[in-house]
Amino acid sequence: MRRLFRRIFRPVRTAREQLLKDLRQEMLEILARGGNLDGLMTVALKALRLILLIDRDLRRNIRDFNARYSFICLDGNLAVSVSFKRSRFLRQPVMEVHDEAIDNTNITVTFADTRTMAEFVMSESPDIFAGILDNKLALDGNLNYILKFIYLVRHVPKRMGIEPISCPA
Amino acid sequence: MGFSIQDIRPQLAKFTRDNMSETLPLLAELLTRHHKARTAVDVERARYITAYMKKPDSRDEPIQIKRAKAVKNYLSNRKVHFHDDNRLGGATTAHELGAPVYPEFFGLGIWPELEFISERKANPQFLSTQDAKTLNYDVFPWWLERTISEQVRKKDSESQALVEKMILMTISKAATISHTTPDYGRVVKQGINKIIANSREQEAACGSDTTKINFYKSIRISMQGILDYSANIAVQAQKRADEISDSAPQHINRRSNLLEIARICSKVPAEPAASYHEAVTALWICQVAVMAENSNMAINPGRIDQILYPFFRNDIESGRLTVAEALEITGCLWLKLADNVNLVPEAAERLFGGAGAVPAITLGGIDADGRDAVNELTYLMLKVTELLPIRDPNVNARYLSGTNPVEYRDEVSRVILSTKAIPAFFNDEQNIRALEEQAETLEHARDYAVVGCVELGSAGRDYSASSSIFMMLHTVLYMALHNGRTPVTGDKSLGPETGEPADLPDIEAFWSAFEAQYAWLADKAVHLNNLYGKAHQENLPTPLLSSLFHGPMESGRDLIFGGAVYNSSGVTHIGFADVCDSINAIEDVCFSNNRMMHMPLADLVAAVDADFEGYDDLWHYVRNRAPKYGTEHKVAIRNSQRMIRNNFECFDGKRNYRGGNYRVAYWTMTNHAGYGRVAGALPNGRKAKVVFSSGITPASQVDTSLTSALNDVARLDSRHIPGAYALNMKYSSLEGESAATKRFSDVIESYFRSGGQQVQFNIQDYHTLIDAKATPDEYEDLLVRVSGYSAYFNSLNSAMQDELITRSQYDLMGNGKFVKLDPPLKSFKSLSKAGGAK
Amino acid sequence: MSSLKPLVFDIVRGSCVDGPGLRSVVFLKGCPLRCVWCHNPESYEVTPDLLFDAERCRKCGNCLEGRPCFPGARRVVGQYYPPSELIELLLRDRLYYEQSGGGVTFSGGEPTLFMHYLEKILPCLQAEGIDVALQTSGYFPFIPFASRLLPFINRIAFDLKLIDADLHLAYTGVSNDLIKANLTALVSCDVELSVRVPLVPELTATRSNLDGIALFLRQLGIEGCEFMAYNPSGLSKWKQLDRTPPVPLPEEPMTRAELERWCAYFESRGTHAAKA
């Protein structure tokens, strides 16, 4: 039975790994382009979604976790959101990415520019206090959720083998 | 037969840091270990507390009982560790140097870095993979909706949003219940069994008042936790002693030490102590217990030279205790007090990096009847402070001119010169008067202990919460100059609309704007502090701490509900000197008959907002020629006094959620450096992103002389500063001990007689500190005074290191002028990149 | 003697090197001597001087347009303090004087140039119980000094630079007859007297000069003197005045060892020397 299960799911896993590679490629292209980091946030969140599907250990973090986040970027007029829930189909917790702001969030993060937004998901140590003090980032909601989210999102550059963006001092 | 107590001092003189490895080998070894120990994150407390809180059957318990049981769950079950041969049983955490996680407060702050914290560049705090998992899966998720900040936000998200802007104020209650001095004397003298018995009697007498009944019950639950912990230490010590069969001398020593710990811990703190060693142990175990319930920030042992003196004297006179042994036991307490630090998330590192837990010890001064309280134990503790120049405990020396002996003042001075940093000096005359003005009785005011950095409170009677509010004066100034806008709120006025610069025709109009903005922020701060206080009441009662206070037992009320005799909160300020000098510059340039440099306020504000780019003349003028606090310029004197008076009067009459006063203070920890680094330029010529001056200290590199700086500080009315201040002075390295000591001591006496409240020192040259920043490995244990506490220079963040480097230096044996830092530390940024906290 | 308004070129407070205890020191501008090694050359003239500190100059050109120099590179030294203002300033540190056994020191320049000014100040300080010290080149008319100032002075630090009359004239611009006579007269006055000898390599720090000084002091019954080791801090001030010292001066301070050697030498001539 287990063997059968594995046979069915192996291609799925391979496909996910392939998708992750594609996202990595996409990310590298955005980074190489420099300047406009518009799409980076969305790609990174999609990557996190995949990683959570693949990585069982990390997935343990989102068990019974029904949080909702919105990320808004003022200069690009960009909004992207994520929500966590239990997938009935996969019978496991999943993260969903939405290309718009959602309501009833636990926390909404507003970024002054795409650079700050990109740093938030791709830097070695996103410093939200610095962001607030520099007037580049505003939080509305339960801060604790953002702490947990940073914990999760820090796995993205590591897992994808991409050098984190260094924050300007 | 022992010897006379008067023989102590000549004996003390024989012990020096140089001969310590022969005369006090245990302390020498423990000191080495202390310096080598790396910080580890301690999850044991968080695990036990959270486990209890999660329990389904605890759900319906009243919070008073639930909290007591959660803390007891930790104390009764925590593992007992013997990290070294320290003669005191018990440890704050499971690690040699531990940073406990308080998930109720800011513990979740390290969530983002659970997998990195061990290796991060600035002050790594070791966290094992297993412990990281515990936090990530078992502890933190449960607190997501339950931290104190979140509880407050749920009630008033608009007010909480002000805190989250970070540049207006800090409300420390989000991080801590602490900053107070328990009455350890009662445990040492009466024992915990007596406290338990008292609570039974009180409960029996309180009828059917369930709040009170629950309170007395909660006392017994917490006290049982302490007793369990102590008993477990005794059992484990005995077990370890039994395991030692080796007969090598060091093992015999270790065995007898463990047996003695076992004997003592099976007796105290349950029963009254009968010896010095027992008394010190009882005090230490209670200190550990208080930190099991409340954050390890400024939980202060207090006036231990008074509490422990009868035991010390008795043992010495009966011959049970030698001076060397007394030094060893006291030194063991010092090192135990240094066994914990705060958990510091990476993001907070640049604001708070390098702090210890700041348990304050207060020596000397006078007793409740006004008599000289300096005793032979005071001198012995000064000797220990000299022998062990470590970050914690924060040792403070009280002094009353005319009552305390001159030899004592000289000895404190000598120890400061010897350690180059500690202890700090406090003036009883001013501080007692300040506390009396706060409606403390004369007897209680005389029995004050220093709280944390510099704050004052009657020991064991004042639940002082002295770090409650940090007011950012530079932001108040900014708002006064921008019609209520702040640097992070764009075009929107957050504060009252007090007018654009062009609407302020004279200095009085400016002051009105400043005072209005200050009053607005003070109201917000008080509102928030009280909201947080309510959240504490609803979530975090403190039965354990309450048992160690005068008041709660009699009134049946927890400290957090105002059960103490005094119930103050503290309000400290960041940016005092820079903001005073800015107002001086505004008055001088915009509102006086200044022929050399005159411009409308609007132009000055434009120049400041442009970081003086394109305003070279103005910049040079305000830096070099505008009146400065610390130079005894009459304009500067007037403005500094007005600022002090305004801030005091604004908070005077406000009441906290426990019914107590707000006490205004001026100490800044490392915040003046951290916040300076992110603040814009100021009218005094301080450019953007440059550190502020610390505490009440005149701005660095201003053309002061030693006496003009001291006079300007001493001139401030101490009745307006009941929370006290930190004055940081820096002296060039001094040679020739006795002449320097005399001179040093003379300056203290004169400064105190002029009205000074407090002063602390670094005896360091510019070049030493610059060198220490560049080559940290060669200055591993370099101890410095920050702004109210001590720290290892290397553990401080770059901004704070720069602030220490640039602090004005005076040559006490020279011509009295401040020694200019030449060349100036020009490129703050490049230097900070090159150096950086290690 | 000048009847001009006396100018102060510096006031330092909390000094430990200008007499016992912590002291405030008032430096008055103007001196009849022209010691070639002077480390306060801005104190020569009784009139204001312009100092220019090239390191602080930002080349803004303000000075060319007659506007103030904001960076403070061009600085006029010499400020008049009305007596009452000066007294108020000096009294601010009285607690420090009392505690440390310090007080106020008048230095220069040559402070005795301004007897009319000091005689308004010294009696007030004396009435306040403040210890007053005077640092002098010894070049003053004794009789008015003794009647107008001396009663209000607790201690005098008296410079003795060169014992040889010709060398003295050559290197300080004045004869030392008056100086020697004044020192002789002061020995029998009710004032604490200390003699100070500046040790300038090759100029005053010579065996023959110190032999002569030792002999002279012994004759007066003065037990010893204080040596002030040469330090080159005056060189930058010469530069700021845009002048050069009349003789080349060493760039390095006298070493401690050298100072010790001179002390030992002096002792060997039977007179004690303290290191200042």
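Below, chain A is the first sequence line, B the second, and so on; all start at residue 1. Bear in mind the structure is a predicted one, so any value in this text is a computation, not a measurement.
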Open item on the list: Within residues 94-104 of chain C, which residues come under 4.5 Å of chain B, heavy atom to heavy atom?
Closed with: C/L95, C/Y96, C/E98, C/Q99, C/S100
Open item on the list: Quick check on B/L618 against chain C: is it the side chain, the backbone, both or neither that has a heavy atom closer than 4.5 Å?
Closed with: neither
TODO: Please state whether the side chain, the backbone, both or neither of B/Y751 comes within less than 4.5 Å of a heavy atom of chain C.
DONE: both
Open item on the list: To the closest 0.5 Å, what do you measure between CZ (C/R67) and CG (B/D617)?
Closed with: 5.0 Å
TODO: Would you please name every residue forming a ring pair (Phe, Tyr, Trp, His ring centres under 6.0 Å) with C/W238, sequence neighbours left out?
DONE: C/Y44
Task: Contact residues of residues 15-25 of chain C (partner chain B; heavy-atom separation under 4.5 angstrom) - done: C/S15, C/C16, C/V17, C/G21, C/L22
Task: Greatest number of heavy atom pairs closer than 4.5 Å to chain B - which of C/P68, C/P71, C/G14 - done: C/P71
Task: Side chain B/N711, main chain C/D93, donor-acceptor under 3.5 Å - done: no
Open item on the list: Restricting to non-hydrogen atoms, name the atom on B/M597 and the atom on C/F70 that form the minimum distance, rounded to 0.1 Å.
Closed with: CE-CZ, 3.5 Å
- [ ] Identify the two heavy atoms, one from C/R74 and one from B/R625, that lie closest to each other, and give their separation to 0.1 Å.
- [x] O-NH2, 4.4 Å
TODO: Taking atom NZ of C/K239 as the centre, report whether more than 12 heavy atoms of other residues, nucleotides or ligands fall under 6.0 Å from it.
DONE: no
- [ ] Assess whether atom CZ of C/R75 is packed by more than 12 heavy atoms of other residues, nucleotides or ligands within 6.0 Å.
- [x] no
TODO: Taking heavy atoms only and a threshold strictly under 4.5 Å, list by residue number the residues of residues 82-91 of chain C that touch chain B; give 'none' if the list is empty.
DONE: none
Open item on the list: If you count every heavy atom of other residues, nucleotides or ligands that lies below 6.0 Å from C/D242 atom CG, does the total exceed 12?
Closed with: no
Open item on the list: Any heavy-atom pair between the side chains of B/K817 and C/D10 that's under 4.5 Å?
Closed with: yes
- [ ] Side chain from CB out, backbone as N, CA, C, O: work out which of these in B/N624 comes under 4.5 Å of a heavy atom of chain C, or both, or neither.
- [x] side chain
Task: Closest non-hydrogen atom pair between B/W619 and C/R58, with its separation - done: CZ3-NH2, 4.0 Å
Open item on the list: Report which part of B/S745 has an atom under 4.5 Å of a heavy atom belonging to chain C: side chain, backbone, both, or neither.
Closed with: neither
- [ ] Verify the neighbour count for atom CD of C/E65: are there more than 12 heavy atoms of other residues, nucleotides or ligands below 6.0 Å?
- [x] yes
